[in-house]
J.: 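Got a structure for you, questions after.
Note that the structure is a prediction, hence the values are computed from the model and not measured. What's counted below: heavy atoms across the whole structure, side chains too, no hydrogens, waters or symmetry copies.
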Amino acid sequence: MTKKVAIITGGGQGIGEGIALRLAKDGYSVIINGRTQSKLDKVADKIKTAGGTAATFAGDVSDRSVNEKLIEKADSEFGRLDVFVANAGIDWVDTVEGTPQEAVDNVLNINLKSQIWALQTAPKLMRKTNDGGSIILASSIAGMEGFEMLGIYSATKFATRGLVQASAKELAVDKIRVNAYNPGIVLTPMWDEIDARFSERKNVPLGSTRQAFIDGILLGRGEEPEDVAKLVSFWAGFKLYYITAHSIAVDGGIKF
């Protein structure tokens, strides 16, 4: 049986790394994308050491041409694409009023436009084998409720859910499913940055913002990348042809 192929953007650390490791464990050949080659190499080495197959592609997926080249790499190296996880994203902590234009553009480009480019470029290669496919976008609990000081970030994550619904309707004819995962308080470098910026802007002790969020989680702990990766593994599974157009919170019980 031909080995299935998955692309993971933002795969050099955090949630993306967790997803790459999990899908490789599931038996996929994975292509890991990110902006820092050294980080990608470390993740790829972990996968290869465990007996998996991994390739890397460094580049900023907010640029449509990078997405095109990423798809070309999947085609040239593996001849197919089954799963595309558009995980790349950044945060920005400030009021909507106080967020500078450059930051607005950067968050929109990386969080939202990169997902649009994925939806524009991945289907063509997925159609090549006539096996369908699974496109999985990163939303957030901040895409279910607008969070103070995360307004621009929240706007992009709300938009992701709209993309999921519209593109799922458009791509269903090709058996390509589109879904999204909505993480909560994941213990990654991104949340270190969010906590530090809240501390600076709200004049509260370092760590207090993250802990306040964690205190509100029903399951009583912060989230690990593997928690998100398990849901992505579920979305990617090709026994699940009958689930599309959904965004699911994987947050331990914050938004429901």
J.: Does Asn182 use its side chain to pair, donor to acceptor, with the backbone of Ile141 at less than 3.5 Å?
T.: no
J.: Verify, without hydrogens or angle tests, whether Ser154 (side chain) and Ala142 (backbone) share a donor-acceptor contact under 3.5 angstrom.
T.: yes
J.: When you measure from the side chain of Asn67 to the backbone N and O of Val61, does any donor-acceptor pair fall under 3.5 Å?
T.: yes
J.: Of the non-hydrogen atoms in Met190 and Gly89, which two are nearest, and what is the gap between them?
T.: CE-O, 3.3 Å
J.: Between Arg197 and Asp91, does any side-chain N to carboxylate O distance fall below 4.0 Å?
T.: yes
J.: Would you give the length of the straight line joining atom OG of Ser134 to atom NZ of Lys175, rounded to the nearest 0.5 angstrom?
T.: 14.0 Å
J.: Judged by atom type as modelled, is there a donor-acceptor pair below 3.5 Å linking the side chain of Thr9 to the main-chain atoms of Ala88?
T.: yes
J.: Go through Lys113 and Leu108 one step at a time and tell me if the side-chain contact (heavy atoms from CB on, under 4.5 Å) criterion holds.
T.: CA-CA 6 Å; Lys113 286 187 179 179; Leu108 289 173; 5.6 Å; no
J.: Taking Glu224's backbone N and O only, do any of them form a donor-acceptor pair with Asp227's side chain (distance below 3.5 Å, no angle check)?
T.: yes
J.: Any sub-3.5 Å donor-acceptor pair from Arg177's side-chain atoms to Trp235's backbone N or O?
T.: yes
J.: Kindly give the heavy-atom pair with the smallest separation between Asn33 and Phe57, and that separation in Å.
T.: ND2-O, 3.0 Å
J.: Rounded to the nearest 0.5 Å, how far does CE of Met126 lie from CG of Leu171?
T.: 9.0 Å
J.: Check whether Asp26 reaches the backbone of Tyr28 with its side chain - one donor and one acceptor, N or O, closer than 3.5 Å.
T.: no
J.: Where the side chain of Thr56 meets the backbone of Leu40, is there a donor-acceptor pair that is under 3.5 Å apart?
T.: no
J.: State, without any angle test, whether Asn109 and Ser62 hold a side-chain donor-acceptor pair at a distance under 3.5 Å.
T.: no
J.: Pairing donors with acceptors under 3.5 angstrom, does anything connect the side chains of Gln211 and Asp215?
T.: yes
J.: Mark yes when over 12 heavy atoms from residues, nucleotides or ligands other than Asn203 sit less than 6.0 Å from its CG; otherwise mark no.
T.: no
J.: Consider only side-chain heavy atoms of I, L, V, M, F, W and Y, link residues closer than 4.5 Å, and tell whether Leu150 and Val107 are in one cluster.
T.: no
J.: Give, for atom CD1 of Ile152 and atom CG of Asn111, the distance between the pair rounded to the nearest 0.5 Å.
T.: 11.0 Å
J.: Any ion pair linking Asp75 and Arg80 (charged N to carboxylate O, less than 4.0 Å)?
T.: no
J.: Which value, rounded to the nearest 0.5 Å, describes the distance between Asp82 atom CG and Ser29 atom OG?
T.: 9.5 Å
J.: Please examine the side chains of Asn87 and Leu137, heavy atoms only from C-beta on, and report whether any two atoms are closer than 4.5 Å.
T.: no
J.: Same hydrophobic cluster for Leu231 and Val83, using side-chain heavy-atom links shorter than 4.5 Å among ILVMFWY?
T.: yes
J.: Using 0.5 Å steps for rounding, measure from the CG atom of Leu163 to the CZ atom of Phe158.
T.: 14.0 Å
J.: Where is the tightest heavy-atom contact between Gly132 and Ile176, given as atom of each residue plus distance?
T.: C-CG1, 4.2 Å
J.: Look up atom CG in Leu81 and atom CG in Asp131, then write down how far apart they are to the nearest 0.5 Å.
T.: 11.5 Å
J.: Can any side-chain N or O of Thr95 pair as donor or acceptor with the backbone N or O of Gly98 at less than 3.5 Å?
T.: yes
J.: Side chains of Gln13 and Thr188: is there a donor and an acceptor less than 3.5 Å apart?
T.: no
J.: Going only through I, L, V, M, F, W and Y residues with side-chain contacts under 4.5 Å, is there a path from Ile194 to Phe147?
T.: yes
J.: Stepwise, does the side-chain contact (heavy atoms from CB on, under 4.5 Å) test hold for Arg35 with Ile110?
T.: CA-CA 12 Å; Arg35 292 184 288 187; Ile110 295 175; 3.7 Å; yes
J.: Decide, yes or no, whether a salt bridge links Asp251 with Lys255 under the criterion of side-chain N to carboxylate O below 4.0 Å.
T.: no
J.: Between Glu223 and Pro183, is there a side-chain heavy-atom distance shorter than 4.5 Å?
T.: yes
J.: Report yes or no: do Val85 and Ile248 belong to one cluster of Ile/Leu/Val/Met/Phe/Trp/Tyr joined by side chain heavy-atom distances under 4.5 Å?
T.: yes
J.: Do Lys46 and Leu21 have side-chain heavy atoms sitting under 4.5 Å apart?
T.: yes
J.: For the backbone of Asp195 and the side chain of Ser199, can you confirm whether one donor and one acceptor N or O come within less than 3.5 Å of each other?
T.: no
J.: Please work out which of the three classes, parallel, tilted or perpendicular, describes the rings of Phe213 and Phe198, given edges at 30° and 60°.
T.: perpendicular
J.: Under a 4.5 Å side-chain heavy-atom rule over Ile, Leu, Val, Met, Phe, Trp and Tyr, are Tyr181 and Ile243 clustered together?
T.: yes
J.: Can you name the closest pair of heavy atoms from Leu23 and Ser233 and give their distance?
T.: CD2-CA, 4.1 Å
J.: Between Val178 and Leu119, is a side-chain contact (heavy atoms from CB on, under 4.5 Å) present by the stated rule, with each step listed?
T.: CA-CA 9 Å; Val178 187; Leu119 289 162; 4.3 Å; yes
J.: Less than 4.5 Å apart, any side-chain heavy atom of Phe84 and any of Ile136?
T.: no
J.: Would you say NZ of Lys73 has more than 12 non-hydrogen atoms from neighbouring residues, nucleotides or ligands within 6.0 angstrom?
T.: yes
J.: Give me the atom names and distance for the closest heavy-atom approach of Val96 to Gly151.
T.: CG2-CA, 3.9 Å
J.: Might you point out which heavy atoms bring Asn106 and Ile90 nearest each other, and give the distance in Å?
T.: ND2-CD1, 3.5 Å
J.: With heavy-atom distances below 4.5 Å as the criterion, would you say the side chains of Phe234 and Lys230 are in contact?
T.: no
J.: Using a strict 4.0 Å threshold on nitrogen-to-oxygen distance, state whether Glu17 and Arg22 make a salt bridge.
T.: no
J.: For the residue pair Gln37 and Asp41, confirm or rule out a side-chain donor-acceptor distance under 3.5 Å.
T.: yes
J.: Would you tell me whether Lys3 and Thr53 have side-chain atoms, one donor and one acceptor, within less than 3.5 Å of each other?
T.: yes
J.: Could you walk me through whether Glu193 and Val93 pass side-chain contact (heavy atoms from CB on, under 4.5 Å), step by step?
T.: CA-CA 9 Å; Glu193 294 175 6; Val93 180; over 6 Å; no
